[in-house]
Undergrad: 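Here it is, the structure, as structure tokens.
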Amino acid sequence: MRERGSGSLFREKYRDKKTGKLKACRTWTMKLWVGGRFLKRSARTASRAVANKKLEQWKASLRQGVYVPDADQTRFDDLASLLLDEYRANGRKSLDRVEDAVDHLRDFFAGCRVQTLSTERVLGYVRYRQEQTAANVTVNRELAALKRMFRLGEKAGKVVRRPYIDMLQEHNARTGFFERGEFDAVLAHLPDDLRAVFEVAYDTGWRVKSEILTRQWSHVDFRSGWLRLEPGETKNGEGRQFPLTPDLRAVLERQRDRTIAAEKTTGTMIPWMFHRSGKSIKSFRRAWVTACRKAGIPERIPHDFRRTAVRNLERAGVPRSTAMKMVGHRTESIYRRYAIVDETMLKEGAVKLQALHDTQQGPASNVVSLMDVTRSRRLGSSTGRVTGSGRGRIGRGARGKSRKPEDKFMVGRDGIEPPTPGFSVLCSTN
């Protein structure tokens with residue numbers, strides 16, 4: 001007699017459409033009662049022995065609590081939709097990057113069942129992307145999106161297990177920054193509506209697209225002298241403010257006069273601090289690339305202003321905690337990635353090191369080594385006084401008299417006088 005709850009195997013029956021006869025399927029079907037509910041799933045085999053093994057595995061997963069109903073029906077597209085919905089629901093600013101990563105993943109995994117996405121299959125995707133000359137950092141962002149899909153699917157009860165996904169090594173640390181002359185050269189070739197944008201970026205190190213172009217006139221206080229980013233507007237979600245230096249104030253005042261003139265011309269209010277004909281600036285890539293090419297530095301990107309600002313703060317001697325607040329770095333490890341040492345700073349360090357060496361090379365010391373004295377002169381065995389051919393015995397009364405400034409005292413090599421009581425050696429400078 002079959003034990004209760006042990007499950008059963010059977011062949012599904014169907015009626016042939018041509019003959020009308022009742023027939024049995026070749027493959028076996030497994031049946032179990034789970035939580036008072038009848039469940040069945042195909043064993044996908046015509047062998048009863050293999051089907052029985054699969055039934056035992058199914059029961060074992062139920063006992064271990066790792067069984068997820070219909071997990072074998074979950075496909076990659078289900079997890080991709082789950083990830084995109086989560087990003088849209090939370091209003092994440094990196095939604096466009098995730099959408100691009102999902103598009104690349106979909107080209108390779110579209111229609112695949114999640115249970116078939118093994119570690120080996122993921123490595124195949126990595127090789128596929130490398131053959132397309134994708135950089136390691138790009139592939140890692142796509143693998144991170146895939147990892148997030150599996151975590152969300154696990155929480156939603158659509159995934160039984162997550163495959164191990166190893167990330168690639170990244171060598172993407174950039175070292176670009178602007179010297180003042182290079183910045184002025186690029187600035188000269190930028191259109192009028194973009195010059196103030198990058199002048200602010202040079203001074204503050206703020207992100208151009210998300211933190212500077214989004215500023216409105218309500219975010220600047222000329223009287224108190226602050227330019228503000230409200231909480232939730234930055235990448236780390238924290239608010240930030242930058243003091244208006246004389247250069248920064250002059251840039252913003254010129255931009256305010258330009259905006260007032262545009263408002264009089266159009267007859268409309270312009271809330272944006274930086275604008276094109278009264279409308280907020282959305283794209284500047286073509287103008288930027290053209291200006292850099294004409295300036296002779298085509299490899300520069302706007303994010304280099306962030307490194308430039310950090311380097312300038314370091315050169316100015318601003319405390320690191322203050323600089324991190326001004327630029328917007330939450331951790332010191334990230335800040336150190338941007339505090340890049342350039343050739344000029346290395347040369348300045350070499351000059352300071354040479355200055356230290358120059359101060360250390362002073363006049364010779366008046367301290368004479370004990371070893372040097374004993375090699376040149378013979379010590380008397382009874383008095384402990386130095387004797388030599390050209391020197392007489394020093395009397396008892398001469399000990400308390402002041403010695404000439406040119407006389408030298410014998411001390412140990414470490415600068416400590418010998419500890420023997422009454423031991424004193426007087427040697428001549430001649």
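A quick note: this is a predicted structure, and the numbers were derived from the prediction, not measured.
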Undergrad: Drop me the distance from R306's CZ to T308's OG1, to the nearest 0.5 angstrom.
TA: 11.5 Å
Undergrad: Shortest non-hydrogen contact from K282 to S280?
TA: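 Here K282 and S280 meet closest at CE-OG, 3.3 Å.
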Undergrad: Applying side chain to side chain contact (heavy atoms under 4.5 Å, CB included) to L9 and M30, what does each step give before you reach the verdict?
TA: CA-CA 5 Å; L9 295 172; M30 303 177 293; 3.5 Å; yes
Undergrad: In the structure I gave you, are the side-chain heavy atoms of E299 and C292 within less than 4.5 Å of one another anywhere?
TA: no
Undergrad: Taking all heavy atoms of A291 and all of V186, pick out the closest pair and write down the distance.
TA: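 Closest approach of A291 to V186, heavy atoms only: CB-O, 3.8 Å.
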Undergrad: Say whether, by atom type as modelled, one donor and one acceptor occur between the side chain of E263 and the main chain of I270 under 3.5 angstrom.
TA: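 Indeed, once roles are kept as given, a pair shorter than 3.5 Å links the two residues.
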Undergrad: What's the separation between atom CZ in R249 and atom CG in L227, rounded to the nearest 0.5 Å?
TA: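 Taking CZ in R249 and CG in L227, the distance rounds to 11.5 Å.
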Undergrad: With no hydrogens and no angle check, is any side-chain donor or acceptor of R276 less than 3.5 Å from a backbone partner on I281?
TA: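 Such a contact is absent between R276 side chain and I281 backbone.
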Undergrad: Please confirm whether the backbone N or O of A261 pairs with a side-chain atom of T265, one donor and one acceptor, at under 3.5 Å?
TA: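 Indeed, once roles are kept as given, a pair shorter than 3.5 Å links the two residues.
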Undergrad: Just by distance, with hydrogens left out, do E99 and Y87 show a side-chain donor and acceptor under 3.5 Å apart?
TA: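 Note: E99 and Y87 side chains miss the donor-acceptor criterion.
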Undergrad: Please evaluate residues Y125 and E142 with respect to the criterion side chain to side chain contact (heavy atoms under 4.5 Å, CB included), reporting the C-alpha separation (whole Å), side-chain torsions for both, the decisive distance (0.1 Å), and the verdict.
TA: CA-CA 10 Å; Y125 172 75; E142 296 164 6; 2.5 Å; yes
Undergrad: For Y202, does the six-membered ring have the charged nitrogen or CZ of R180 within the cation-pi criterion, i.e. under 6.0 angstrom from the centroid and within 45° of the normal?
TA: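 Geometry flag: set, cation within 6.0 Å and 45°.
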Undergrad: Hey, does the side chain of E56 reach the backbone of K53 with a donor-acceptor pair shorter than 3.5 angstrom?
TA: no
Undergrad: side-chain contact (heavy atoms from CB on, under 4.5 Å) with D203: which residues, sequence neighbours excluded?
TA: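 So D203 forms a side-chain contact (heavy atoms from CB on, under 4.5 Å) with D247, L248.
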Undergrad: R106 and D103: side chain to side chain contact (heavy atoms under 4.5 Å, CB included), yes or no, with the steps?
TA: CA-CA 5 Å; R106 187 177 284 116; D103 289 339; 3.4 Å; yes
Undergrad: Less than 4.5 Å apart, any side-chain heavy atom of T204 and any of M326?
TA: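 When only atoms from C-beta onward are counted, M326 and T204 do not touch, as no gap falls below 4.5 Å.
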Undergrad: Any side-chain to backbone donor/acceptor pair from R228 onto R240? Under 3.5 Å, distance only.
TA: no
Undergrad: I'd like to know if the side chain of R127 pairs up with that of Q130 as donor and acceptor (distance under 3.5 Å, no hydrogens or angles considered).
TA: no
Undergrad: Looking at D16 and K21, is any side-chain nitrogen of the basic one under 4.0 Å from a carboxylate oxygen of the acidic one?
TA: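 Here K21 does not pair with D16 in a salt bridge, since their nearest N and O are not under 4.0 Å apart.
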Undergrad: Identify the heavy atoms of M273 and L252 that sit nearest to each other, and give their distance.
TA: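 So the minimum-distance heavy-atom pair works out to SD-CD2, 3.7 Å.
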Undergrad: Could you check if a side-chain atom of Q241 sits within less than 4.5 angstrom of a side-chain atom of K325, using non-hydrogen atoms only?
TA: no
Undergrad: Taking R113's backbone N and O only, do any of them form a donor-acceptor pair with T116's side chain (distance below 3.5 Å, no angle check)?
TA: yes
Undergrad: At what distance, to the nearest 0.5 angstrom, does CG of D166 lie from CG of L143?
TA: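 With rounding to 0.5 Å, CG (D166) is 9.0 Å from CG (L143).
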Undergrad: Tell me, do L229 and E238 make a side-chain contact under 4.5 Å, heavy atoms counted?
TA: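 Of all side-chain heavy-atom pairs linking E238 with L229, none is under 4.5 Å.
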Undergrad: One pair to check against side chain to side chain contact (heavy atoms under 4.5 Å, CB included): R129 and F108. What are the steps and the verdict?
TA: CA-CA 9 Å; R129 290 291 287 137; F108 191 84; over 6 Å; no
Undergrad: How long is the straight-line distance from CD1 of I297 back to CD of E182, given to the nearest 0.5 Å?
TA: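 Reported to 0.5 Å precision, the distance equals 4.5 Å.
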Undergrad: So for atom CZ, which belongs to R92, do other residues, nucleotides or ligands contribute more than 12 heavy atoms lying within a distance under 6.0 Å?
TA: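 Above 12, so yes.
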Undergrad: Closer than 3.5 angstrom, by distance alone: can the side chain of R215 be matched with the main-chain N or O of E211 as a donor-acceptor pair?
TA: yes
Undergrad: For atom CD of E120, is the number of surrounding heavy atoms from other residues, nucleotides or ligands below 6.0 Å larger than 12?
TA: no
Undergrad: Establish, for the pair R256 and F222, whether the NZ or CZ atom is under 6.0 angstrom from the six-membered ring centre and no further than 45 degrees off its axis.
TA: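 Yes, R256 lies over the aromatic ring of F222.
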Undergrad: Taking W226 for the side chain and V220 for the main chain, is one N or O donor matched with an acceptor at less than 3.5 Å?
TA: no
Undergrad: Decide whether T259 and H275 meet the rule of one side-chain donor and one side-chain acceptor closer than 3.5 Å.
TA: yes
Undergrad: Using modelled atom types and a 3.5 Å cut-off, is there a donor and acceptor pairing between side-chain atoms of N140 and backbone atoms of L168?
TA: yes
Undergrad: Do F109 and D77 have side chains that get closer than 4.5 Å, going by heavy atoms?
TA: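 The answer is no; the side chains never approach within 4.5 Å.
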Undergrad: Got a sec: does the NZ of K54 have more than 12 other heavy atoms crowding it under 6.0 Å?
TA: yes
Undergrad: Charged N to carboxylate O under 4.0 angstrom, D304 versus R307?
TA: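 The answer is yes: the pair qualifies as a salt bridge.
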Undergrad: Ion pair present between D257 and R254, side-chain N to carboxylate O less than 4.0 angstrom?
TA: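 Not counted as a salt bridge, because no side-chain N and carboxylate O are separated by less than 4.0 Å.
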Undergrad: Between the main-chain N or O of I165 and the side-chain N or O of K147, is there a donor-acceptor pair closer than 3.5 Å?
TA: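 Yes, the answer is positive, given that a donor and an acceptor are paired below the 3.5 Å cut-off.
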Undergrad: For residues T45 and S47, is any side-chain donor paired with an opposing acceptor at under 3.5 Å?
TA: no
Undergrad: Less than 4.5 Å apart, side chain to side chain, heavy atoms only: is that true for L213 and F284?
TA: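 In contact.
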Undergrad: Would you name the heavy atoms of G153 and L82 that are closest together and state the gap between them?
TA: N-CD2, 3.7 Å
Undergrad: Where is the tightest heavy-atom contact between L244 and D221, given as atom of each residue plus distance?
TA: CD1-O, 3.9 Å
Undergrad: Any carboxylate oxygen within less than 4.0 angstrom of a Lys/Arg side-chain nitrogen, looking at D78 and K158?
TA: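 Answer for the salt bridge query: no.
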Undergrad: Verify ring-ring contact (aromatic ring centres under 6.0 Å, His included) between F305 and W206, making sure each step is shown before the conclusion.
TA: CA-CA 8 Å; F305 286 113; W206 288 4; over 10 Å; no
Undergrad: If you define the side chain from C-beta out and look only at heavy atoms, does anything of Q255 sit under 4.5 Å from W217?
TA: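 In short, these two side chains touch, coming nearer than 4.5 Å.
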Undergrad: Side chain to side chain contact (heavy atoms under 4.5 Å, CB included) with L83: which of L105, L146, L152?
TA: L152
Undergrad: Please test R88 against D85 for salt bridge (charged side-chain N to carboxylate O under 4.0 Å, His left out), starting from the C-alpha separation and ending with a verdict.
TA: CA-CA 5 Å; R88 294 188 183 103; D85 290 343; 3.7 Å; yes
Undergrad: Could you state the interatomic distance from CG (N312) to CZ (F177), rounded to the nearest 0.5 Å?
TA: 10.0 Å
Undergrad: Under 4.0 Å between a Lys/Arg side-chain N and an Asp/Glu carboxylate O for E179 and R311?
TA: yes
Undergrad: If every non-hydrogen atom of A287 is compared with every non-hydrogen atom of L194, which pair is closest and at what distance?
TA: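 Shortest heavy-atom contact: CB-CD1, 3.7 Å.
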Undergrad: With R11 as the cation and W28 as the aromatic partner, state whether NZ or CZ is under 6.0 Å from the six-membered ring centre and within 45° of the axis.
TA: yes
Undergrad: Quick one: pull up CG in L117 and CZ in R75 and give me the separation to the nearest 0.5 Å.
TA: 11.0 Å
Undergrad: Are any non-hydrogen side-chain atoms of E154 and R162 less than 4.5 angstrom apart?
TA: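 Answer yes - side chains close enough.
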Undergrad: Would R300 and F178 count as a cation-pi pair here, with the cationic atom under 6.0 angstrom from the ring centre and within 45° of the axis?
TA: yes
